[in-house]
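Inspection log for the structure reproduced underneath, given as structure tokens.
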Amino acid sequence: MKANLLLTICLMLLATISKAQEVAYQEYNLDNGLHVILHQDNAAPVVTTSVMYHVGAKDENENKTGFAHFFEHLLFEGTANIERGEWFKIVSSNGGQNNANTTQDRTYYYEVFTSNNLELGLWLESERLMHPVINQIGVDTQKEVVQEERRMRYDNSPYGRWQEQMGINLYKKHPYRWQTIGSLEHLASASLEDFKNFNKTYYVPNNAVLVVAGDIDIATTKKMINDYFGPIPRGEKIQRKTITEDPIAQTIKASYKDPNIQIPAIFAGYRTPKNTDREAYVLDMISTYLSSGKSSKLYKKLVDEEKKAVQVFAFNISQEDYGSYVIGALPLGENSLQDLLNEIDEEIVKLQTDLISEKDYQKIQNKFENQFVNSNSSIAGIANSLARYYLLYDNTDLINSEIEIYRSVTREEIKNVANKYLNPNQRVELQYLPGESTGK
């Protein structure tokens, strides 16, 4: 009786938290196709201005990879009205912060200012969109920057190329087979005209969403947006290819040697559904159950109890066309990579055979409730979520309702989805080994 009462109180509390966390917003389109989302929160004098473009590594030509990430850097070089090298000075001298990031599906730019600098943030992003300067000086400068980033994050970093190698083996047709950093050879051989054409194709208002969130007045902000972004001409309609992978029906065994490591690693990678598929949400929960944190099944078993692994890790990569779920481990002592893989499979088979316990199920639910609350705890986080849910999920209101999907997932669904996707014949087994590099 006491347990039931406690559960009821917890559920009521979670419902109250969810209601309190609800994010109010307005959205509309400008005549040029730019989608605008506004979120007003006058609790603190802070505002985030952000633009997300629907262009990532998957939109690149297979012979010209790395362009989307390159533009993440290049579009800070300057504009017709912002001299080269002045962008970051303008932001910092006005007490702001800014950054950008690229995935295989989108590119995101943002500024955070005190709210009296809202107009400055809007001007900066409209300048990036309307008046970018793409010249040989900027291209050559950013080639050096990207080369150094490649060396630091991939080539000279321990385990820096595992994701690259997994992508190569997990995808045979789809552009997800290359990473956002792309090929330095492709960037080196690209012409200035190639970069200008990429900009003209993808950095257009009808391929973007502008989010303004924080201490704003809606009417005033709408007028500023119309003044700064309204005159920007619409771009040509973007033609996107639909590329379908053949199912993996037989285990793909691969290996790669990394001169930067001393301890080998095993990675098991599964191709999973796109981010809008309900089963992708179920796989999120499976990932959390198996390998999220020190209390997860695999960490407790392999690291704490049996002491067969130095570390266990997992990456559930949710993307627009396909997802990737990767489990990995580093052996301790004389334990082999195959030993670790056998132990991982043992836990997956349990998941496929029996329903997880009610206690474990509630634990997973609690983790997603916490994530939901935390994701909407800052203005910058809200701005990012609004842009992402609109652009990649075609449903802005997921910022409020996505938690209901997780809440509705049943233990039976977890078992069924594990049986459908997490089988040895449907995966890549990548042995990541010490030694001289076996590839570029």
Side-chain angles (χ1 to χ4, degrees), residues 27-37 51-75 100-109 125-126 128-132 134 139 167-168 170-183 185-187 189-211 229-246 271 273-277 280 317-324 387-396:
E27 57 183 333
Y28 61 98
N29 289 324
L30 298 185
D31 291 342
N32 57 16
L34 179 69
H35 192 75
V36 180
I37 305 175
V51 180
M52 186 175 285
Y53 294 90
H54 202 173
V55 56
K58 79 168 185 297
D59 298 293
E60 298 162 350
N61 183 308
E62 65 179 334
N63 297 313
K64 294 178 181 178
T65 64
F67 273 49
H69 170 258
F70 190 79
F71 265 79
E72 174 197 321
H73 294 267
L74 186 63
L75 292 185
N101 52 71
T102 310
T103 70
Q104 291 176 311
D105 296 320
R106 93 297 179 274
T107 306
Y108 186 59
Y109 299 88
E125 288 304 331
S126 67
R128 193 197 309 275
L129 184 54
M130 192 174 189
H131 299 126
I134 300 173
V139 166
I168 289 170
L170 202 54
Y171 298 97
K172 301 302 180 183
K173 302 177 185 178
H174 197 281
Y176 287 161
R177 68 185 185 273
W178 61 79
Q179 299 303 298
T180 56
I181 195 74
S183 164
E185 289 79 7
H186 292 172
L187 292 175
S189 63
S191 68
L192 183 60
E193 198 63 27
D194 289 331
F195 292 109
K196 289 183 176 180
N197 287 337
F198 193 84
N199 181 77
K200 182 180 178 181
T201 300
Y202 293 107
Y203 284 83
V204 292
N206 45 302
N207 194 45
V209 53
L210 165 69
V211 179
F229 290 87
I232 302 173
R234 176 188 288 266
E236 295 291 327
K237 184 177 180 180
I238 295 171
Q239 303 298 322
R240 301 185 192 274
K241 296 179 180 179
T242 300
I243 300 174
T244 303
E245 285 281 352
D246 297 324
R271 195 189 306 149
K274 62 184 179 181
N275 54 15
T276 55
D277 194 306
I317 305 167
S318 185
Q319 295 172 294
E320 191 173 21
D321 292 349
Y322 289 98
S324 307
R388 180 168 52 89
Y389 285 128
Y390 167 75
L391 200 72
L392 301 181
Y393 291 76
D394 195 29
N395 183 1
T396 312

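Just so you know, residue 1 is the first one in the sequence shown, and it goes up from there.
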Applying salt bridge (Lys or Arg N to Asp or Glu O under 4.0 Å), name anything that partners [X], two or more places apart in sequence or on another chain.
X: Glu27; value: none
X: Asp321; value: none
X: Glu60; value: none
X: Glu320; value: Lys58

Please report the closest heavy-atom contact between [X] and [Y], naming both atoms and the distance.
X: His174; Y: Ile243; result: CD2-O, 3.5 Å
X: Tyr202; Y: Val55; result: CG-CG2, 3.6 Å
X: Gly230; Y: Leu30; result: N-CD1, 4.0 Å

How far does [atom1] of [X] sit from [atom2] of [Y], to the nearest 0.5 angstrom?
X: Asn197; Y: Ser191; atom1: CG; atom2: OG; answer: 7.5 Å
X: Arg177; Y: Lys172; atom1: CZ; atom2: NZ; answer: 10.0 Å
X: Asn206; Y: Ile238; atom1: CG; atom2: CD1; answer: 6.5 Å
X: Thr276; Y: Asn395; atom1: OG1; atom2: CG; answer: 10.0 Å

Ring pair (Phe, Tyr, Trp, His ring centres under 6.0 Å) against [X], all qualifying residues, sequence neighbours excluded:
X: His35; value: Tyr390
X: Phe195; value: Phe67, Phe70
X: Tyr203; value: Tyr53, Phe71
X: Tyr28; value: none

Answer yes if the side chains of Asn207 and Arg106 hold a donor-acceptor pair under 3.5 Å, and no otherwise.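 Their side chains do not contain a donor-acceptor pair, so the 3.5 Å distance test is not met.
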Does [X] use its side chain to pair, donor to acceptor, with the backbone of [Y] at less than 3.5 Å?
X: Asn32; Y: Phe229; value: yes
X: Arg234; Y: Pro205; value: no
X: Tyr176; Y: Ile168; value: no
X: Ser189; Y: His186; value: yes
X: Asp277; Y: Lys274; value: no
X: Thr102; Y: Thr107; value: no

Listing request: all salt bridge (Lys or Arg N to Asp or Glu O under 4.0 Å) pairs with a residue in residues 192-205, at least two apart in sequence or in separate chains. Lys64-Asp194
Should we say atom CG of Asn63 is surrounded by more than 12 heavy atoms from elsewhere, each under 6.0 Å from it? yes
Asp246 with Lys173: basic N within carboxylate O range, under 4.0 Å: yes
Start with the C-alpha distance between Leu129 and Val51, add both sets of side-chain angles, then the distance that settles side chain to side chain contact (heavy atoms under 4.5 Å, CB included), and finish with yes or no. CA-CA 10 Å; Leu129 184 54; Val51 180; 5.9 Å; no
Contact check, side chains of Asp59 and Asp105, non-hydrogen atoms, under 4.5 Å: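 Side-chain contact under 4.5 Å: no.
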For residues Pro175 and Glu62, determine if any side-chain heavy atom of one lies less than 4.5 Å from a side-chain heavy atom of the other. no
Partners of [X] by side-chain contact (heavy atoms from CB on, under 4.5 Å), sequence neighbours excluded?
X: Thr242; value: Thr244
X: Thr180; value: Ala57, His69, Gln104, Tyr154
X: Ser324; value: Leu170, Tyr171, Ile317, Gln319

Would Val204 and Glu236 count as a side chain to side chain contact (heavy atoms under 4.5 Å, CB included) here? Give the steps. CA-CA 8 Å; Val204 292; Glu236 295 291 327; over 6 Å; no
Are Ile134 and Leu192 close enough, and set up right, to give a side chain to side chain contact (heavy atoms under 4.5 Å, CB included), and what steps lead you there? CA-CA 8 Å; Ile134 300 173; Leu192 183 60; 4.1 Å; yes
Full working for side chain to side chain contact (heavy atoms under 4.5 Å, CB included) between Val209 and Val36: CA-CA 6 Å; Val209 53; Val36 180; over 6 Å; no
